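Please read the structure below before turning to the comments.
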Amino acid sequence: MKIDPWSSTTYQDYAKLRDEFGIEEFTDQLWIDLPHPHKLLRRGVVFGHRDFQLIHEAVMQNKPWAILTGLMPSGKMHLGHKMVIDEVIYYQSIGADIFIAVADIEAFGTRGYTLEETKNFALDEYIPNYIALGLKPEKCRIYFQSKHQDVKDLAYILGKKINWSQMLATYGFGGSSNMTHIFSPLIQTGDILHVQLEKFGGIRPTLVPVGVDQDPHMRLSRDIAQAHRLYNVTVTKDKKIGVFVKVDENIKKLLDNAEKTLHFLKFKKLKRITDYKAIYIEDAKKQDMQYIDEQLALTEPNFGGYGFLQPSATFHRFMTGLTGEKMSSSKPESAIFLTDEPKEATKKIMHAKTGGAVSLEEQKKHGGNPDECVVYELFLYHLIEDDKELQDIYQTCKSGKRMCGNCKKYASELTEKLLTDLQKKRKTAKDKMNKYLS
Ligand code: TRP
Ligand code: SF4
């Protein structure tokens, strides 16, 4: 099985995806003690992650960390697109530096839009909606891939550590794939890693919140980050923690530096074996590895390295479309667009595929199935903040006390409110846009 970031596949079996690609489960202890955890985290919509514990730790210890995510500016923004930005806004509220890439080069290379068109999508549609949804300008930078020299430079330079066979194995490009498309994963790697350059805040944990279709890009950027490290901290066969120098230049200096850093971190029992380019730390435990690695990474720029920490990722489920298939801009009846007239949205909801039984009587007797209901999904993902109220909807649906007609009406009311509010906030959003753009 392969994940193709450019196909319109819907993924159903998230547990299987996790197992197959080594994505970790997003368990309760990762979010439960975060400040006012967001509903998408609380409710299992975010179902998987890579290295989120780095982010958790940064939040808990009040250390700097960053969010980087990207948007493919193509067409209109719908509720499915809203999820990422909801997450970003939450993370902004708990202290992250925010970076948002407008993937105009990718959209140009893979969707056939001109750069001018993608620019207009971003400026007329996506960014105003982001602002209306509550994104703040402080510590927030939105940029276009095609205009960001550092991102493009990194794409070229970092590509050195990945070869064509690896690209083929990850993406399955064919002979007719165009080169801009083929190059776009490296631009995305540039997006993801540039925030750790000194002038953008330096080496620090970075979280990329995305849909699971983006996992191939995450694996690529994580591999590339790792490949550029000068040090490697691992457990040896005989269970010792070791620091290894990965490169062949400056070995002595790098070992000296590691020794100094480890002493500073209060490790005392160091055994240096220069021939192995290694230092074994006999008084370190497994739990210390992360910290040691981070501290060493911070010193790597002194030796010509980048010191990139591997970027973390979270993966969220996709919203089902109102028609039961994928929510997609190309099928307007499947999606609620943030710019839909409220009445239009109500119409779509009234036609939506629910988990209701075939007749009212059946439903009273056996209940509905909220797990298979897109109206319930609207509540869960977007419309209801209070977990108790959501639970109540779930229960009353299952037990047959709740009927789809009224339930849809309630969902429509809440949706109309949401859209009306956005309409209002979008009016002033465009004037504020300059504060976000770099
Ligand atoms: N490829 C992403 C998409 O299809 C957009 C994107 C570009 C992105 N750069 C990114 C996402 C960096 C996350 C991080 O939607
Ligand atoms: Fe869905 Fe509501 Fe009908 Fe239950 S009652 S199946 S939640 S629309």
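Keep in mind it's a predicted model, so treat the numbers as computed, not measured.
Around the CD atom of Glu362, the shell of radius 6.0 Å holds more than 12 heavy atoms that belong to other residues, nucleotides or ligands. In Lys16, the NZ atom is not crowded: 12 or fewer heavy atoms of neighbouring residues, nucleotides or ligands sit closer than 6.0 Å. Annotation: Glu198, atom CD; neighbour count of heavy atoms from other residues, nucleotides and ligands within 6.0 Å does not exceed 12. Around the NZ atom of Lys39, the shell of radius 6.0 Å holds more than 12 heavy atoms that belong to other residues, nucleotides or ligands.
Minimum interatomic distance between Asp51 and Ser312 (heavy atoms only, all atoms of both residues): O-OG, 2.7 Å. Contact detail for Gln363 and Gly356: the closest heavy-atom pair is OE1-CA, 3.4 Å. Of all heavy-atom pairs between Ala411 and Val375, the closest is CB-CG1, 3.7 Å. When all heavy atoms of Ile203 and Gly307 are compared, the pair lying nearest together is CG2-O, 3.3 Å. Considering every non-hydrogen atom in both Ala345 and Thr415, the closest pair reads CB-CG2, 4.1 Å.
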Return all side-chain donor-acceptor pairs below 3.5 angstrom for residues 313-321, not counting sequence neighbours, or 'none' if the list is empty.
unit_1 : atom_1 : unit_2 : atom_2 : d
Arg317 : NE     : Gly44  : O      : 3.0
Thr320 : OG1    : Glu377 : OE1    : 3.2
Thr320 : OG1    : Glu377 : OE2    : 2.6

Run the side-chain donor-acceptor check on residues 429-438: report pairs under 3.5 Å with partners two or more places apart or on a different chain.
unit_1 : atom_1 : unit_2 : atom_2 : d
Lys430 : NZ     : Asp124 : OD1    : 3.0
Tyr436 : OH     : Leu135 : O      : 2.7
Ser438 : OG     : Arg141 : NE     : 3.4

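Under the 4.5 Å side-chain criterion, counting only non-hydrogen atoms from C-beta, His81 is in contact with Ser329. Counting only heavy atoms from C-beta outward, the side chains of Leu378 and Leu79 approach each other to under 4.5 Å. Counting heavy atoms from C-beta on, the side chains of Ile192 and Thr189 never come closer than 4.5 Å. The side-chain heavy atoms of Thr299 and Tyr231, taken from C-beta on, include a pair separated by under 4.5 Å. Here the side chains of Ile105 and Ser184 are not in contact, with every heavy-atom distance at 4.5 Å or above. Taking the side chain as every heavy atom from C-beta outward, Ile162 and Leu186 approach each other to under 4.5 Å. Proximity of Pro35 to Val59: side-chain heavy atoms (C-beta onward) are separated by under 4.5 Å at one or more points. Looking at Asp33 and Met60, their side chains come closer than 4.5 Å, going by heavy atoms from C-beta outward.
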Residues Lys63, Glu57; criterion side-chain contact (heavy atoms from CB on, under 4.5 Å); working and verdict: CA-CA 8 Å; Lys63 291 195 293 197; Glu57 207 177 284; 4.1 Å; yes

Stepwise side-chain contact (heavy atoms from CB on, under 4.5 Å) check, Phe267 with Thr261: CA-CA 9 Å; Phe267 293 105; Thr261 307; over 6 Å; no

Intermediate values then yes/no, ring pair (Phe, Tyr, Trp, His ring centres under 6.0 Å), Tyr126 and Phe121: CA-CA 7 Å; Tyr126 286 81; Phe121 286 140; 7.5 Å; no

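Contacts of Arg204 classified as side-chain hydrogen bond (donor to acceptor under 3.5 Å, both in side chains), with partners at least two apart in sequence or in another chain: Asp97. Listed by chain and number, the residues in a ring-ring contact (aromatic ring centres under 6.0 Å, His included) with Tyr90 are His36, His38 (sequence neighbours excluded). Residues passing the salt bridge (charged side-chain N to carboxylate O under 4.0 Å, His left out) test with Arg50 are Asp215, sequence neighbours excluded.
Sorted by first then second residue, the ring-ring contact (aromatic ring centres under 6.0 Å, His included) pairs that include residues 324-360, not counting sequence neighbours, number zero.
Applying the side-chain hydrogen bond (donor to acceptor under 3.5 Å, both in side chains) test between Tyr143 and each of Asp191, Asp150, Asp104 identifies Asp191 as the sole match.
The aromatic rings of Phe379 and Tyr410 sit tilted relative to each other, their planes meeting at an angle between 30° and 60°. Relative orientation of the His49 and Phe26 rings is perpendicular, given thresholds of 30° and 60° on the angle between their planes. Ring pair Phe52/Tyr91 is tilted by interplanar angle, where 30° to 60° counts as tilted. Phe99 and His194 have perpendicular rings, their planes meeting at more than 60° on a 0 to 90° scale where under 30° would count as parallel. Using a 30° and 60° split on the angle between ring planes, Trp6 and Tyr171 fall in the tilted class, from 30° to 60°.
Side chain to side chain, Glu416 and Thr346 meet the donor-acceptor criterion of an N or O pair below 3.5 Å. Remark: the Gln188 side chain and the Gln214 side chain contain an N/O donor-acceptor pair separated by less than 3.5 Å. Residues Lys285 and Gln287 bring no donor and acceptor atom of their side chains to less than 3.5 Å of each other. For the 3.5 Å distance criterion, the side chains of Glu300 and Asn302 fail to qualify, holding no donor opposite an acceptor.
Judged by distance alone, with hydrogens and angles left aside, the side-chain atoms of Lys364 form no donor-acceptor pair with the main-chain N or O of Met403 at under 3.5 Å. Using a distance-only test at 3.5 Å, with no hydrogens or angles considered, no donor-acceptor pair links the side chain of Gln310 to the main chain of Gln226. A donor-acceptor contact shorter than 3.5 Å is absent between the side chain of Gln196 and the backbone of Leu193. Panel note: side chain Arg18, backbone Ile23; no donor-acceptor pair is recorded below 3.5 Å. Between the side chain of Lys152 and the backbone N or O of Ser146, at least one donor-acceptor pair lies under 3.5 Å. Between the side chain of Lys408 and the backbone N or O of Met350, at least one donor-acceptor pair lies under 3.5 Å. At least one donor-acceptor pair closer than 3.5 Å links the side chain of Gln92 to the backbone N or O of Glu138.
Note on Arg43 versus Asp387: salt bridge recorded, some NZ/NE/NH1/NH2 to OD/OE distance being below 4.0 Å. In this structure, Lys76 does not pair ionically with Glu125, as no charged nitrogen and carboxylate oxygen lie closer than 4.0 Å.
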